Amino acid sequence: MNPVNYLYLSALLFTIGAAGVLLRRNAIVVFMCVELMLNACNLAFVTFGRMHDNLDGQIIAFFTMVVAACEVVVGLSIIIAIFRSRRSASVDDASLMKW
Amino acid sequence: MIETSSLASGALLANEGGGGLHSTAASGAFSALWLVVGLPLLGAVLLLVGGKRTNPFGHILATALALGSFVVGVLMFVTMLDKSGPGRSVDQHLWTWAPVNEFQADIGLHLDQLSMVFVLLITGVGSLIHIYSIGYMAHDENRRRFFAYLNLFVAAMLLLVLANNYLLLYVGWEGVGLASYLLIGFWQHKPSAATAAKKAFIMNRVGDFGLAVAIFLMFTTFGTFSFEDVLGGSATASDGTMTAIGLMLLLAACGKSAQFPLQAWLGDAMEGPTPVSALIHAATMVTAGVYLITRSAEIFDASPDAQLAVTIVGAITVLFGAIVGCAKDDIKKALAASTMSQIGYMILAAGLGPIGYAFAIMHLVTHGFFKAGLFLGAGSVMHGMNDEVDMRRYGGLRKYMPITFVTFGLGYLAIIGFPLLSGFFSKDKIIEAAFAKGGTSGWILGAVTLLAAGLTAYYMTRVMLMTFFGKERWKEAPAGAPADWHEPHPHESPVSMTGPMILLAFGSVFAGGLFALNDSFVKWLTPVTGFSHGDLPMSEWAVTGMAIAMVALGTAVAYLQYARREVPSVAPAASPVTVAARRDLYQDAINEGLVMRPGQYLTRLLVWFDNKGVDGFVGGLAAFVGGTSARVRRVQTGFVRTYALSMFGGTLLVVACTLMARMA
Amino acid sequence: MSPGMDFAAEVTKTSTGEALQFWVLAAVALIGALATVFMKKAVHSALALVTTMMCLAIFYLAQGAVFLGIVQIVVYTGAIMMLFLFVLMLVGVSSVDSLKETLKGQRIAAAGLGLGFGILLTAAIANASITHFTALATKSAGSRPVYPAETDDEALRAVSQGNVQGLAHQIFTKYIWAFEMTSALLITAAVGAMVLAHRERLVPRKTQRELSEERVRDNKQVAPLPTPGVYARHNAVDVPALLPDGSVSELSINGTLRARGQIRDVSAEAVHSVAALETAGADDDDEAWPDESDAPASAPVPTARQEHEDPDPGSGDEVGAGAGSKEGRS
Amino acid sequence: MNGHFPWLTTLAALPFVGGLCVAAVPAGKRRLAKNVALLFSLLTLAVAVVVATKFDNDGGRFQITESYSWISSFGVRWSLGVDGIGLVLILLTAVLMPLLILASWHDADEAPVGADGSAGAGRPAPRGTHAFFALMLLVEAMVVVSFAATDVFMFYVFFEAMLIPMYFLIGGFGGAQRSYAAVKFLLYNLLGGLVMLAAVVGLYVATANQGIGVDGHGTFDFVKISQAVATGQLDIDPTAEKALFLGFMFAFAIKAPLWPFHTWLPDTMTEATPGVAVLVTAMVDKVGTFAMLRFCLEIFPDASKYFAPVVITLAVIGIIYGALLAVGQTDIKRLIAYTSISHFGFIILGIFVMTSQGQSGATLYMVNHGFSTAALLLIAGFLISRRGSKTIADFGGVQKVAPVLAGTFLVAGLATLSMPGLAPFVSEFLVLVGAFTKYKVAAIFATTGIVLAALYVLVLYQRTMTGPVRPGNEKLRDLVPRELAVVVPLIAFLLVLGVYPKPVLDAVNPAVDHTLSRVEQKDPAPTKPIEQAAGTEAHTTGGSK
């Protein structure tokens, strides 16, 4: 098997995640889809690292995970804050950010 | 402060008897030349800057300075009589004004026989009118200001006639316009006075436009605008250029001298105090046009077309003024129309070339005397008649103001050309010169001048009869008089007013004879203006006879109309010609219709265009941007997912582009 | 076939086991991903995502990234996803998202863009077709990885000791700055999360006494709030009390549940069941229906309501605490 | 040239420091703030006079130069130096500034009227006065630097930076519509400035490409560029040169303002306080005309010649258009604004006819217009502040109640209509003569401007000052000593420069000759020159009689 298939899988996962971000209104689900996209990237990095016989890919994936963890922590607390004030976790409800 | 000019006299020997302005530097008594202008100017400055502090003595100071200027002028005259030939022409270079390479504008004065005549006339008549004004303006709270303006006028007028180049002449030219503006509008609280002043200034500016362009042309052609160089070089330049310069100078003269078609301001200018009318709008300023043309003799000599234009303008104005004068009931406006007509004579004469210049100036001087006298007389009459100006409300005044009657009467006789009085000699010479021009144009011009002589006699007799003879119409209240109307008490004016009138009457009687004696005046001016005898198509006596006959005819008709018949105290209905004359031959209507109204519409259109067009374009651009933004901002829905969508689209685009670039 | 292609075919070869594992788990991962997107309930989405992540962890392990694979399971699936679940519980586990699209054209555009992007990426990978794999050959041969950039002995030694050691060496030497930055980032994130989740109290907390005084002063709900229904068949707290006219009193339900709309109106059900009981009650005495209801047999249902709706003023003490605490929450 | 005392930097720094000092005065001490501002403006004037005495008319092109490295990576230097043109304009600025401060003494005491016409009057603005005078001094500093800059980039920076204090001066103090006017002013000028920035960069690139600068870098050094252009070392492609010229010219045409880029000026001048309005027309706008003369002509001589007919046409249109619109105005300040548009037409006409008379006249015109428009606007401002109305129809018969005010207004008006004896006449005549020698038709059209000038000035004077006293004007006070102290020097300058402009012309002429030689233009020779033989005898021929 050609390890390029990992990349195809990564691309598909990424695309599915992106579509999810665009389609879902629940902020938590949107967040999960973002995580999915990050994971897809990680897979690609690891695969690239393997292809080039290089640890750098893994290291970047590692850092991505760290950043993703931070992001999740902050993001979820934002969601909670919003939910507390608006009683809703729908991203469409927070539409104050317009003209 | 005074640098003497280095204009040397080396070339003078070559020029004896010739025209042109070849002069020596001012020295000796002549070095005080600048004082002639300086004294009245100093007066004006002192009185204007000094303000109220100078109120008690302002009028005395101003009169003294005007007299001082006259004294210096006489001193110059005496000195000049001592000299001979070219020595009579002097230059005084004061300071360099605005030098830019070729353009060398200097402040410099030039005195020769021609300017001498004017200096004496201006300072002489000017001083008399200063004296007269002391009495006339005694009760005006702004008398100081009046005298300041009078002094300013005298200074500017002297600068005009003493300038040694056209640019400085332009300064004086506009200076007298300013003084005239200030003095016509002296009683500013009257809207009519303010309007008249503005009108005079603006019409004069139209003339000034001509003078400015003439100076541009001179500079472009000769690289200089001093009299000496321009007039000296005028024979070498092309006819077209000279004609253009001549016509532009004529335009200037028309504006200042109230000649057709820029004559409309003079009648309204009578809103000013009467001494002003006498000095500025009769004796001196309005004759500046004649001075300009005479001074530029070489230019006009070089261009027959321009000369023809000058004579045509003069001829039209002679008749125009005379016709208007026949119908006016306002004594000052009748005199103003007469002034216009008389200046028409001078302009016509000046247009005739060397055969006429000297006579134009001669008539100018005699006219200065008698017309100033007439105006002062009119002022005296008004002074005694509660400032009434309508002659139909006069009548039989000779008993009440005998001195005024006599002096006015002498002025009257002089102006109609009564034999052996001033006007007879000067006007007769102009009529002769007109005939002497020769050809059809000579006959036409001669006929016009003769006709005008008859009309002059008619309208002046009319003025005389309506004012001093006949029934005392002022005793009855006018129709629609205000409740507090009271009968005027005509009385003779104080000495300060009658004195100048008497002196001017002397001038009116004797000046002409003195000038004509032995052709002394012509000889005096010949070095400047040149002189040539024209060939009369008939004998001199025939011309004189015809002129006297016309005068007699005009007088007789007026006598029949205004002495034998009752003069109605309200203007009766009259023929269309009379109505037209009363309305100044519709000059104002024409000006309004041709210039003012279209101008107003144009202005209004442009204001609209500026707001809606130019600014509207800019504003529209801004509104367009604003509107577009308002529409585009709706893309910002505030929904995060919409933004995410567009980001995703952008990513797609970037990736696609990158790939495409790689594949390509 | 050119020698180059031969080489490529050679070096891109992986073991059959890995291939098998890939095809199976890739399918699972894809299904998980799709489920994440399309499940109505967020909890389901989260679980589907866990599945996908687990699959990815196995892929990491399979590709030699041992450390990452473990971390993926422990940190990602274990910690981060649990965090998600916590939040979900906070926000409401059972709430179902409406999948009805509200933004016009969003779904079509998203689908189109997603499809386009997927095709583009796939095409890009296919186009870039990896003809020069440098390392797989050596790797499949079992030798240690070659690091052209790092030739010093220590690095080689670290790498040769294993994946974790290799990574550690890299992180603490080459990427030390980035690593330190992540520590700062983590701290910032932790503090940020605390700040965001923390609610600043703007006024001092009101005591129970003050609250009751306030109620009396405003003459609003002086009496305790009604307690929720206590039908044992239901989750008790989500069953609203009934007002005298038979309608439900939403006030009797916890604020959070109210906000989520998780109110279970069983009033009609109760009437229904009582009616059923009445019809059946004649022949079946065993059916558990409170004895006292037997007494006024003429109007059993209203009585039951009556009893329920009219709490005995004397029993206020029992429920008072509950009502008070409820109010404090809301 | 370094090592000497940096006079020009001092000159520019003084008002700047003054502005800072004024801003630092405690909030309550309004009077102190004004006095400090006046003191610094007088100090600046003193230094300007020193600079003038150090200037030698027969010396080199740029004098009193100084140059320091500023942004070395682009070769931008802090270079200052004056030629005659810059010198007289700096003197104008320095002379006008104390008068403006004195004239604006009470203009910033109270918060201005709100946009709805409601709030304001009477309510003190805590630091408004400080800000006003500090900004005025700041503008002066920038104007001085602009006139003295011999580095194109440096000039650009200050040319643009001027907009900032001007924006606040217009928008913070003045009439009800002031924020509209301020934004319009800013947007217009910013637009021009940004286009110019592109041209400045283009010029830099051109110098870099042709190796004018050091080490393959370009240069902004005006002297170097100008010399390179003259020697042909810098030979920009004609199309590029035209584009660059238009870029520069666009900014200057807006600033000047040239028809049809003028519509910001009437709004600005109507809404700003009189002092600020004078600041705009008498100083800031002069930077535009000055820059046309210095930068456009010398750096892009060929393009300047190519576009001269277009610019002249626009200028002549501006002369007549401005005058006609002035006649049609009902607001005093707006009327004066349109007269300025007409006068800027004359200045630009003089610059682009490229004759020595035209350009010397234009430079003199800049100075004279500064004085005449300052006098007219400030006196009109005094009048307006007394009556509280700008509408011409509200006035009438002022001459009767306030004769000194009316008299000085008339003198200022006469200066505006170019009455001989007052300063603007000389310059206007020079411009027209200079124009006539080359462009007869344009000059004749422009000359009609003098008739229209008489019309708008006298109509204004007649309606406001003469006639019976209109109700509401009976109690107008005549000029107070402070106002006289503003007006008298202005009128004195108008008179002195009217009869003896030679010192100014002597300073300006060499610079103009230099500019003309760079543009390779000579005055057309007279068609029938009068021989000027040695000893000035010569003039022989004597008419035809």
Side-chain angles (χ1 to χ4, degrees), chain A residues 1-9 11-20 22-26 28-29 31-33 35-36 39 42-43 46-47 49-56 58-59 61-63 65-74 76-81 83-84 87 89 92, chain C residues 12 14 18-19 22 26 29-30 33-34 36-37 42 45-46 49 52-53 56 59-60 63-65 68 71 75-76 80 83-84 87-88 90-91 97 102 107 110 114 117-118 121-122 125 130 133-136 138-139 145-146 166-167 170-171 175 178 182 185-186 189-190 192-193 196-197 259:
Chain A
M1 184 200 73
N2 192 328
V4 169
N5 289 337
Y6 285 113
L7 295 182
Y8 287 126
L9 176 63
L12 285 178
L13 289 179
F14 186 90
T15 310
I16 292 170
L22 298 180
L23 288 172
R24 296 301 297 262
R25 266 174 296 168
N26 187 328
I28 301 171
V29 180
F31 234 107
M32 287 186 224
C33 292
E35 293 303 315
L36 183 59
N39 271 291
N42 279 355
L43 178 61
V46 171
T47 309
R50 180 187 179 202
M51 287 173 171
H52 293 280
D53 201 1
N54 197 320
L55 278 180
D56 288 349
Q58 291 184 28
I59 286 168
F62 169 72
F63 282 128
M65 280 185 191
V66 175
V67 173
C70 296
E71 184 209 322
V72 164
V73 167
V74 177
L76 287 177
S77 38
I78 289 174
I79 289 172
I80 288 175
F83 181 80
R84 260 201 313 235
R87 291 279 154 210
D92 285 1
Chain C
T12 53
T14 49
E18 193 186 345
F22 174 80
L30 273 180
L34 287 172
T36 309
V37 176
S45 290
L49 185 59
T52 306
M53 284 181 173
L56 291 187
F59 287 148
Y60 296 162
Q63 300 206 60
L68 268 189
V71 167
V75 177
Y76 237 124
I80 296 181
L83 195 57
F84 268 101
V87 174
L88 268 177
L90 216 61
V91 173
D97 277 5
T102 47
R107 188 166 283 178
F117 194 74
L121 279 187
T122 317
I125 297 167
I130 324 291
F133 272 116
T134 52
L136 280 176
T138 51
K139 177 147 194 165
V146 175
L167 273 181
Q170 289 278 74
I171 286 173
Y175 295 103
T182 55
L185 183 66
L186 281 167
L196 282 170

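To find a chain, count down the sequence lines: A is the first, B the second, and so on, and within it residues start at 1. These figures come from a predicted structure and were not determined experimentally.
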Heavy-atom side-chain proximity of [X] to [Y] below 4.5 angstrom:
| X | Y | answer |
| --- | --- | --- |
| C:Arg107 | A:Leu23 | yes |
| A:Phe31 | C:Val87 | no |
| A:Leu7 | C:Thr122 | no |
| A:Tyr8 | C:Ile125 | yes |
| C:Ile80 | A:Met32 | no |
| A:Phe62 | C:Leu167 | no |
| C:Phe59 | A:Thr47 | no |

Quick check: does any side chain N or O of A:Arg50 sit under 3.5 Å from a backbone N or O of C:Gly64, one acting as donor and the other as acceptor? no
Between C:Val37 and A:Cys33 the two heavy atoms that sit nearest each other are CG2-SG, 4.1 Å
Step by step, work out the side-chain contact (heavy atoms from CB on, under 4.5 Å) result for A:Met65 and C:Val75. CA-CA 9 Å; A:Met65 280 185 191; C:Val75 177; 5.8 Å; no
One option among A:Leu36, A:Asn39, A:Ile78 has the most heavy-atom pairs under 4.5 Å with chain C, and it is A:Asn39
Relative to chain C, which of A:Leu12, A:Val67, A:Val46, A:Ile79 shows the most heavy atom pairs under 4.5 Å? A:Val46
Report which part of [X] has an atom under 4.5 Å of a heavy atom belonging to chain A: side chain, backbone, both, or neither.
| X | answer |
| --- | --- |
| C:Leu186 | both |
| C:Tyr76 | side chain |
| C:Ser45 | both |

So which part of [X] gets closer than 4.5 Å to some heavy atom of chain C, the side chain, the backbone, both or neither?
| X | answer |
| --- | --- |
| A:Phe14 | side chain |
| A:Glu35 | both |
| A:Leu9 | side chain |
| A:Ile80 | side chain |
| A:Ala69 | both |

Run A:Asn42 and C:Leu56 through side-chain contact (heavy atoms from CB on, under 4.5 Å) and show every step you take. CA-CA 9 Å; A:Asn42 279 355; C:Leu56 291 187; over 6 Å; no
So CD1 of A:Ile28 and CZ of C:Phe84: to nearest 0.5 Å the spacing works out to 8.0 Å
How many angstroms lie between CD in C:Gln170 and CD1 in A:Ile59, if you round to the nearest 0.5 Å? 4.0 Å
